[in-house]
Amino acid sequence: MSELREEVTKVSGSRAEIPPYASIPHVSTAIFARALHWHPQGLQSWSLSDWACALAGETGELCNVVKKLNRNRDGLIGNKETPEQLQAALGDEIADVYVYLDLFARRAGFNLEDVVRKKFNEVSLRNGFGQRL
Ligand SMILES: [Mg+2]
């Protein structure tokens, strides 16, 4: 963690705080266990396109919140929510997207952590950056 903090400080020029995160494998296990309440036959009971639609639906909800934040930015009318409510809603939608992305990856036969690590490291290497997962 301290190596990452030093790297962020070097790149950003400020002492950014990096809070500790629960490990992705732990989160993924909980997401999967909870999903089995809705899908007791397993994630295979939904097709890959069912999971993709769920993920896209949550992504759309996230974009709708961003649209409303943009209205605030641009001084436009139409929002029923306060900026604070929209910020909270944005966090909720980020979480929803994460959960469905994890389930989609699992249903597609991937471990989310593994594919993120592989792709992150490929992009870092391709661009000459030192960060690796
Ligand atoms: Mg949602």
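Counting starts at 1 for both ligands and their atoms, following the listed order. Quick caveat, the model's predicted, so the values are computed rather than measured. We count residues from 1, following the sequence as given.
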Glu61 near the Mg ion (ligand 1): N/O/S under 2.8 Å: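 Short answer: yes, at least one N, O or S atom is under the cut-off.
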
Report the C-alpha distance between Val99 and Arg34 in whole Å, list the side-chain angles of each, state the deciding distance to 0.1 Å, and finish with yes or no for side-chain contact (heavy atoms from CB on, under 4.5 Å). CA-CA 11 Å; Val99 166; Arg34 193 183 68 178; 4.2 Å; yes

For Gly60, is there any backbone N or O sitting under 3.5 Å from a side-chain donor or acceptor partner on Asn64?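 No; judged by distance alone, with no hydrogens or angles, the pair does not exist.
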
Could you walk me through whether Glu122 and Arg126 satisfy the salt bridge (Lys or Arg N to Asp or Glu O under 4.0 Å) test, starting with their C-alpha distance in whole Å, then the side-chain angles of each, then the deciding distance to 0.1 Å, before giving a yes or no? CA-CA 6 Å; Glu122 285 173 4; Arg126 184 172 62 235; 5.5 Å; no

What's the OD2-the Mg ion (ligand 1)-OE1 angle here (Asp96, Glu58), rounded to 10 degrees?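 The two atoms subtend 90° at the Mg ion (ligand 1).
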
Glu93, N/O/S atom nearest the Mg ion (ligand 1):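 So the atom name we want here is OE1.
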
For Asn79, which of Gln85, Arg71, Lys68 qualifies under side-chain hydrogen bond (donor to acceptor under 3.5 Å, both in side chains)?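 Running side-chain hydrogen bond (donor to acceptor under 3.5 Å, both in side chains) over Gln85, Arg71, Lys68 with Asn79 returns exactly one hit, Arg71.
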
